[in-house]
Number of protein chains: 2
Amino acid sequence: MKKYLEILRKCPLFDQIEEEDLLRMLGCLGARVEHFDKKYTILAEGNPAKYIGIVLSGSAQIHQVDYYGNRSILSEVGAAQLFGEAFACAEIQAIPVSVIANEPCEIMLIDCSHILHTCSNNCGFHQQLIFNLMKDLATKTILFHRKIEIVAKRTTRDKLMAYLMLQAKVAGSNTFEIPFDRQELADYLEVDRSGLSAEISKLRKEGILENRRNLFKLL
Amino acid sequence: MKKYLEILRKCPLFDQIEEEDLLRMLGCLGARVEHFDKKYTILAEGNPAKYIGIVLSGSAQIHQVDYYGNRSILSEVGAAQLFGEAFACAEIQAIPVSVIANEPCEIMLIDCSHILHTCSNNCGFHQQLIFNLMKDLATKTILFHRKIEIVAKRTTRDKLMAYLMLQAKVAGSNTFEIPFDRQELADYLEVDRSGLSAEISKLRKEGILENRRNLFKLL
DNA sequence: GAATTTCTGTTGAATTTTCAACAAACGGAG
DNA sequence: CTCCGTTTGTTGAAAATTCAACAGAAATTC
């Protein structure tokens with residue numbers, strides 16, 4: 001576990017936890033690490049909602065697929081970020097989404113009941129972990145607000161511009177890279193891919209943006 | 001405060017808190033109660049994100065209004081439910097939404113910093129409150145997943161049917177009442193009101209549902 | 001480095017939504 | 001009970017999306 005210390009220190013779940021305590025805690029929590037190749041399913045829809053996942057390297061996406069097979073991408077999860085925590089913390093039966101490896105990645109899985117319910121060793125870190133989970137969930141809720149603000153727009157152009165302007169703001173620059181290819185971006189914005197491509201072309205011709213694949217520049 | 005005890009006991013924030021402790025706690029937290037008439041603004045966009053609100057009676061809606069004045073309704077908050085907790089817990093500067101009284105209502109407001117940061121009396125309930133907030137935020141996250149699942153659909157009909165089927169499931173019955181009028185439902189589903197009315201008529205003619213104003217029956 | 005697979009952009013037709021305007025139905029106030 | 005403001009339903013035209021199909025570009029594989 002030692003080699004993961006650097007990334008785990010950046011993980012919001014372990015905020016305010018001293019490095020020396022972290023290793024002991026991981027043992028107590030029964031944390032395990034697994035490797036997943038690109039496109040592999042880390043957690044499948046319908047699986048028990050037991051685990052909190054931590055992305056140690058690479059990245060993952062949260063997918064929702066409806067009855068007709070239409071894919072919707074809820075979010076992108078990068079290094080040091082959590083996934084599955086909402087379902088585990090709410091103690092629901094099964095997760096309603098799938099978590100897919102977006103590139104080869106290493107994932108730490110922790111049984112959430114070990115965090116929520118005090119362990120036999122009665123180690124004093126549960127309170128801090130629960131506080132950190134609360135903070136993380138509050139942040140995730142705000143991210144969902146932003147996503148809804150984007151998909152609430154009625155046209156592909158407005159959705160795209162709202163998304164790109166947010167990304168520029170997050171990146172702190174007019175030039176930025178997005179973590180999606182075209183189909184994924186369409187599935188995140190909840191629009192048709194070909195229409196999205198057409199809209200990007202149109203914006204380029206109008207001189208509103210420049211782009212090369214995933215690299216965008218707002219003018 | 002005593003007259004609010006019954007409703008406060010149902011509030012997820014005070015889960016596992018004994019009734020006798022609750023009153024003392026409210027003083028310690030500096031809780032105050034305000035009345036709002038229908039359509040009044042309880043919290044306005046841009047306000048400091050200090051307060052957690054609890055609906056004691058009536059109901060409220062979370063509104064998001066974009067640059068062009070288009071309203072989007074994020075959620076309905078009924079009696080004993082919380083609002084604003086995500087913004088307060090994430091300790092962001094200002095709230096990005098407005099909370100509007102949907103009918104005459106009584107609202108309890110609590111400065112969240114009193115919950116998050118141990119008070120001078122060092123009363124032992126902070127841990128339970130933080131745990132409860134975590135649970136509540138996890139539940140709210142799942143509600144947002146459901147909302148996104150609905151608005152991800154591409155047609156008014158699909159959004160409407162996804163919404164109605166969810167409401168029927170929640171109500172545990174094919175007959176149920178929804179908390180929105182037509183314009184509000186349109187703003188929740190992120191579609192055009194007149195198109196929504198037309199779609200409801202069409203579904204009725206096709207024998208898929210019956211309705212009288214807010215009362216729906218799926219067949 | 002050639003072949004193959006994946007991704008992106010383009011187009012036109014069909015479908016659907018939005019928009020604006022109006023009429024009918026409803027509900028509350030006096 | 002009647003009046004009046006609000007809500008809901010209806011319609012047609014304009015705008016936008018989706019869908020399907022294909023071609024070119026880029027990346028991956030062998």
Side-chain angles (χ1 to χ4, degrees), chain A residues 37-39 61 66 68-73 100-104 150-164 177-206 208-216, chain B residues 37-39 61 66 68-73 100-104 150-164 177-206 208-216:
Chain A
D37 280 326
K38 183 170 179 172
K39 294 196 179 175
Q61 292 178 344
D66 75 7
Y68 303 102
N70 301 107
R71 176 180 74 169
S72 166
I73 297 181
I100 310 292
N102 197 32
E103 46 191 319
I150 289 169
V151 302
K153 299 264 185 294
R154 300 305 166 79
T155 65
T156 299
R157 166 179 288 233
D158 287 347
K159 289 181 189 181
L160 174 61
M161 285 305 294
Y163 174 76
L164 292 178
E177 207 169 347
I178 66 171
F180 299 127
D181 65 27
R182 287 292 175 281
Q183 183 64 61
E184 288 169 342
L185 180 57
D187 289 346
Y188 180 82
L189 300 179
E190 321 290 2
V191 298
D192 179 67
R193 180 197 61 77
S194 69
L196 174 62
S197 273
E199 206 62 55
I200 290 173
S201 298
K202 207 191 281 182
L203 287 165
R204 202 168 35 217
K205 278 171 197 145
E206 293 175 21
I208 293 171
L209 58 74
E210 290 172 0
N211 81 303
R212 207 185 80 80
R213 263 167 132 89
N214 302 340
L215 192 67
F216 283 81
Chain B
D37 279 327
K38 184 171 178 173
K39 294 197 180 175
Q61 292 178 345
D66 74 7
Y68 304 102
N70 301 107
R71 177 180 73 170
S72 166
I73 297 180
I100 311 290
N102 197 32
E103 47 189 319
I150 289 169
V151 301
K153 299 266 187 292
R154 301 304 166 80
T155 65
T156 298
R157 165 179 288 233
D158 286 348
K159 289 180 189 182
L160 175 61
M161 285 306 293
Y163 174 75
L164 292 178
E177 207 170 347
I178 66 171
F180 299 127
D181 65 27
R182 286 291 177 280
Q183 183 63 62
E184 289 170 341
L185 180 57
D187 289 346
Y188 180 82
L189 299 179
E190 322 289 3
V191 299
D192 179 68
R193 180 198 61 79
S194 69
L196 174 62
S197 272
E199 205 62 55
I200 291 173
S201 297
K202 207 191 282 180
L203 286 165
R204 201 170 34 218
K205 277 171 198 148
E206 292 175 21
I208 293 170
L209 57 76
E210 291 172 2
N211 81 302
R212 208 184 79 82
R213 269 173 127 84
N214 303 339
L215 192 67
F216 283 81

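Residue numbering restarts at 1 for every chain, and letters A, B, ... go by the order of the sequence lines. Quick caveat: nothing in here was measured; it's all calculated off a predicted structure. Any value given below was found using the heavy atoms of this structure, including those in side chains, with hydrogens, waters and symmetry copies removed.
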Enquirer: Within the 4.0 Å heavy-atom criterion, would you say A/T156 contacts the bases, only the backbone, or no part of the nucleic acid?
Expert: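 Answer is sugar-phosphate: A/T156 comes under 4.0 Å of backbone atoms only.
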
Enquirer: Using atom OH of B/Y68 as one end and atom P of C/dT18 as the other, report the distance to the nearest whole Å.
Expert: 16 Å

Enquirer: Round to a whole Å and report the spacing from CZ of B/R157 to C1' of D/dT18.
Expert: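 It works out to 17 Å between those atoms.
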
Enquirer: In whole angstrom, give the distance that lies between atom CZ of B/R193 and atom P of D/dT10.
Expert: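 In whole Å, D/dT10 P lies 11 Å from B/R193 CZ.
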
Enquirer: Once you apply a heavy-atom cut-off of 4.0 Å, does A/D192 come out as touching a base, just sugar-phosphate, or nothing?
Expert: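 The answer is base, as A/D192 lies within the cut-off (heavy atoms under 4.0 Å) of a base atom.
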
Enquirer: Does a side-chain N or O from A/S194 land closer than 4.0 Å to OP1 or OP2 of D/dC19, or not?
Expert: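 Indeed not, no polar side-chain atom of A/S194 lies that close.
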
Enquirer: Quick one: is A/R182 getting a side-chain N or O under 4.0 Å of the C/dC7 phosphate, OP1 or OP2?
Expert: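 So the side-chain polar atoms of A/R182 never come under 4.0 Å of the phosphate oxygens OP1 or OP2 of C/dC7.
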
Enquirer: What is the distance, rounded to the nearest whole Å, between atom CZ of B/R212 and atom P of C/dC26?
Expert: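 Nearest whole value for this atom pair: 7 Å.
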
Enquirer: Under 4.0 Å between a side-chain nitrogen and a carboxylate oxygen: does that hold for B/K153 and A/D66?
Expert: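 Yes.
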
Enquirer: Assess whether a salt bridge exists between B/E199 and B/K159, defined as any Lys/Arg side-chain N lying under 4.0 Å from an Asp/Glu carboxylate O.
Expert: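 A salt bridge is absent here (no side-chain N lies under 4.0 Å from a carboxylate O).
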
Enquirer: Heavy atoms under 4.0 Å, any strand shown: does A/R154 hit a base, just sugar-phosphate, or nothing?
Expert: sugar-phosphate

Enquirer: Which of these nucleotides, C/dG9, C/dT8, C/dC26, is closest to any side-chain atom of A/D181?
Expert: C/dT8

Enquirer: Return whichever of B/S197 or A/E199 has its heavy-atom-nearest nucleotide of DNA chain D closer to the 5' end.
Expert: B/S197

Enquirer: In this structure, how many angstroms lie between the C1' atom of D/dT8 and the NZ atom of B/K202, rounded?
Expert: 17 Å

